[in-house]
S.K.: 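Questions regarding the structure given below will be posed in turn.
Protein chains get the first letters and strands the later ones, always in sequence-line order, with residue 1 at the start of each.
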Amino acid sequence: MTHRAIKGYGTLLLCVLPIVACAGVMNALEQATDESTPEGKLVRGANRLRKSFQDLDPSEEHFIGRSVAAELLAKPEYPLVADESLNKYLNDIGLAIAATNDEVRRPFLDYRFAALDTDEVNAFACPGGTILVTRGLLAKAETEDEVAAILAHEIAHVTLRHGLGAIQKANLASAFAYLGEGAAQATMNSEDLAKLTGIFDDSIDDIVQTLITNGYSREAETEADALGRKFLAGTGYNPGALRRVLVKMEGSGGSGGMFATHPAPSTRVAALGATEAFSGDSSAMAARTARYDAIFTP
Amino acid sequence: MRGQAGLARLGLGAQALAPLAIVSLGLLPAIALGLTPSTFGAAAQAKGDTVTVTRKTTKLRNAKRTFAPSVADLQEGDRLLVDAAEGAWFEVTFTAPAGSLKGFVHGGDVSKKKDVRLSGDGVRENYSASEAAAARKGFNPDVEREHRTNNPALEPAFDRVDAIQARIVTDAELLAFLSAGGLGGMGGGR
């Protein structure tokens with residue numbers, strides 16, 4: 001194909017894309033063209049151009065999340081808690097929430113939870129379902145239901161894909177455009193890999209920056225609170241436990257960590273609206289109290 | 001206009017596209033609300049569709065329940081024929097090496113996309129070379145390896161991530177935890 005012809009098809013692509021930005025139209029175009037023709041190949045290449053973080057597939061989300069988690073765990077201020085019983089307890093609670101709510105996003109691997117050994121009040125939901133929660137935040141919880149509330153809020157962030165949403169649109173557009181261009185080639189060569197890795201690095205930075213410094217939007221936190229509360233109820237935990245944790249955070253005050261990246265606890269409590277009705281089974285509550293105490297009471 | 005000329009070359013003028021554009025624009029409110037196709041659940045699938053497993057592993061179960069007994073282990077890339085969609089679950093046929101198996105899979109474990117990106121590790125489907133290459137054109141293990149090569153100081157942290165992700169919690173352990181705490185409809189307060 002001559003350079004002029006390539007340029008012509010490139011112009012055609014630029015003309016087609018804005019008009020046919022919806023997947024349904026792109027699929028119709030694919031059906032209307034012959035795969036063996038240059039036009040057909042062009043449409044099929046354009047069809048592979050993805051547009052937003054919503055188009056990232058679970059395996060891609062997994063690899064992004066692994067690198068985000070590694071960046072966090074590489075920071076000296078975030079060592080892992082070595083207490084196996086605590087980490088097992090967090091995984092039992094978190095996986096119980098994930099297993100009992102159909103709306104929970106199902107990641108490439110399963111959710112995994114780990115405690116960070118710091119007084120800072122914070123938690124990090126990495127894309128793909130690795131969730132890190134600090135000892136300082138866990139100290140705000142006084143029951144298993146309240147620990148569950150903290151984890152349910154973070155699972156909601158993963159489900160709503162807020163971490164991926166933190167990737168700058170320009171970085172994502174670069175990645176998708178590059179992968180779209182390369183889709184016509186049989187394999188990704190070393191130059192492709194280097195360029196894609198550069199975009200990957202920038203995307204990781206975007207997410208880590210948001211998790212540690214900027215925080216999600218107030219709307220995102222409100223969404224995660226509402227969905228987290230729904231998850232609690234779906235599992236059988238007291239949905240009012242989230243409100244109780246937030247009230248304790250408000251009462252104890254603090255700075256940095258979650259206090260810097262999240263809306264004020266009082267704002268979040270107000271957004272939750274009316275208090276939640278709950279009539280827990282007393283023997284079940286006693287069982288949960290006993291296992292909470294076994295982990296957290298010295 | 002150059003755009004119209006381009007569409008004409010595809011045999012698709014503005015008139016041909018108009019109904020499609022209207023249909024697609026009708027989806028915009030749903031997209032604005034964050035309702036992606038996966039949000040609609042399994043019901044969006046039709047009988048006869050093929051879906052691809054997008055989790056590293058999952059189970060084909062004998063009923064549409066999370067802890068229903070397993071019929072077969074499924075792996076990333078396995079293709080399943082949809083027999084019916086029921087709530088968040090699909091009733092599917094899986095053509096295993098030993099023969100066809102019927103069962104249920106959660107809608108969140110599969111994708112209907114034809115060009116879904118896969119990690120490529122452990123994929124056992126008989127993908128053609130071009131299909132396999134296309135499926136790996138995304139953020140995949142090669143990209144992570146390159147990222148780690150460029151950032152060797154992260155290696156100890158990646159070891160910690162590996163350790164966190166290596167934890168195994170079985171269905172039996174989780175069921176026991178739920179039951180003991182009166183959760184998941186097992187006597188807990190709802």
S.K.: Is the shortest side-chain heavy-atom distance between A/L196 and B/D142 below 4.5 Å?
M.R.: no
S.K.: What part of A/L109 is in contact with chain B, defined as an atom under 4.5 angstrom from a non-hydrogen atom: side chain, backbone, both or neither?
M.R.: both
S.K.: How long is the gap from CG on A/L73 to CZ on B/R160, to the nearest 0.5 Å?
M.R.: 6.0 Å
S.K.: Does NZ in A/K230 sit with more than 12 non-hydrogen atoms of other residues, nucleotides or ligands closer than 6.0 Å?
M.R.: no
S.K.: Do A/E71 and B/L154 have side-chain heavy atoms sitting under 4.5 Å apart?
M.R.: yes
S.K.: Mind checking whether A/H62 and B/K56 have side chains closer than 4.5 Å, heavy atoms only?
M.R.: no
S.K.: State the CZ-OG1 distance between A/F108 and B/T57, to the nearest 0.5 angstrom.
M.R.: 8.5 Å
S.K.: Less than 4.5 Å to any heavy atom of chain B: does that hold for the side chain of A/L95, its backbone, both, or neither?
M.R.: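 The answer is both parts of A/L95.
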S.K.: Residues in side-chain contact (heavy atoms from CB on, under 4.5 Å) with A/E191, at least two apart?
M.R.: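 A/E191: side-chain contact (heavy atoms from CB on, under 4.5 Å) contacts with A/N189, A/K195.
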S.K.: Go through the atoms of B/L174 and report whether side chain, backbone, both or neither lie under 4.5 Å from a heavy atom of chain A.
M.R.: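 Just its side chain gets close to chain A.
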S.K.: Locate the shortest heavy-atom distance separating A/A70 from B/V161; write the atom from each residue and the value.
M.R.: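 Here A/A70 and B/V161 meet closest at N-CG2, 3.6 Å.
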S.K.: Does the side chain of B/L183 reach to within under 4.5 Å of the side chain of A/T100, using non-hydrogen atoms?
M.R.: no
S.K.: With ring centroids as reference points, do A/F200 and B/F139 lie under 6.0 angstrom apart?
M.R.: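 A/F200 vs B/F139: aromatic centres under 6.0 Å.
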S.K.: Looking at B/V53, B/V169, B/D109, B/N150, which makes the most heavy-atom pairs under 4.5 Å with chain A?
M.R.: B/D109
S.K.: Measuring heavy-atom distances to chain B, does A/L72 have an atom under 4.5 Å in its side chain, in its backbone, in both, or in neither?
M.R.: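 Contact with chain B: none, neither part.
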S.K.: Please report the shortest heavy-atom distance between A/A284 and B/G182, naming the atom on each side.
M.R.: CB-CA, 3.8 Å
S.K.: Taking side chain as C-beta onward, heavy atoms only, is B/R167 less than 4.5 Å from A/F113?
M.R.: no
S.K.: Determine the option with the most heavy-atom pairs under 4.5 angstrom with chain A, choosing from B/E155, B/H106, B/R148.
M.R.: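 Of B/E155, B/H106, B/R148, B/H106 has the most heavy-atom pairs under 4.5 Å with chain A.
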S.K.: Can you list the steps and then say if A/D92 with B/E173 is a side-chain contact (heavy atoms from CB on, under 4.5 Å)?
M.R.: CA-CA 8 Å; A/D92 285 344; B/E173 288 175 314; 5.5 Å; no
S.K.: Between chain B and each of A/I204, A/I97, A/I93, count heavy-atom pairs under 4.5 Å; write down the option with the most.
M.R.: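 Maximum pair count with chain B is reached by A/I93.
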S.K.: Where does A/A194 contact chain B at under 4.5 Å (heavy atoms): side chain, backbone, both or neither?
M.R.: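 Its backbone and side chain both get close to chain B.
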S.K.: Name the member of A/E61, A/K88, A/R161 that forms the most heavy-atom pairs with chain B at distances under 4.5 Å.
M.R.: A/K88
S.K.: For A/P239, which atoms come within 4.5 Å of any heavy atom of chain B: side chain, backbone, both, or neither?
M.R.: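 Neither part, no heavy atoms under 4.5 Å.
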S.K.: Please find the pair of heavy atoms, one from B/E146 and one from A/L193, that lie closest to each other, and give the distance.
M.R.: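 Smallest heavy-atom distance, with atoms named: OE1-CD2, 3.9 Å.
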S.K.: Heavy atoms only, distances under 4.5 angstrom: which of B/T66, B/T58, B/I164 has the most pairs with chain A? Name it, please.
M.R.: B/I164
S.K.: Restricting to non-hydrogen atoms, name the atom on B/R117 and the atom on A/D57 that form the minimum distance, rounded to 0.1 Å.
M.R.: N-OD2, 2.7 Å
S.K.: Quick one: what part of A/S67 sits under 4.5 Å from any heavy atom of chain B, side chain, backbone, both or neither?
M.R.: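 For A/S67, backbone and side chain are both near chain B.
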S.K.: Side chain, backbone, both or neither: which part of B/T54 has a heavy atom under 4.5 Å from chain A?
M.R.: both
S.K.: Quick check: do B/R55 and A/D110 have side-chain heavy atoms less than 4.5 Å from each other?
M.R.: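 Side chain of B/R55 against side chain of A/D110, heavy atoms only: contact under 4.5 Å found.
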S.K.: Output all residues satisfying side-chain hydrogen bond (donor to acceptor under 3.5 Å, both in side chains) with B/D159, sequence neighbours left out; order by chain, then residue number.
M.R.: none
S.K.: Under a 4.5 Å heavy-atom cut-off, does chain B meet the side chain of A/E103, its backbone, both or neither?
M.R.: neither
S.K.: Any idea which heavy atoms bring A/R291 and B/F177 closest together, and the distance?
M.R.: NH1-O, 2.9 Å
S.K.: Contact between A/T197 and B/T149 at the side-chain level, heavy atoms closer than 4.5 Å - yes or no?
M.R.: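 The answer is no, as the side chains (C-beta and beyond) never meet within the 4.5 Å cut-off.
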S.K.: Is a side-chain donor or acceptor of B/S119 paired with a backbone partner of A/S59 at a separation under 3.5 angstrom?
M.R.: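 No, B/S119 side chain to A/S59 backbone: no donor-acceptor pair under 3.5 Å.
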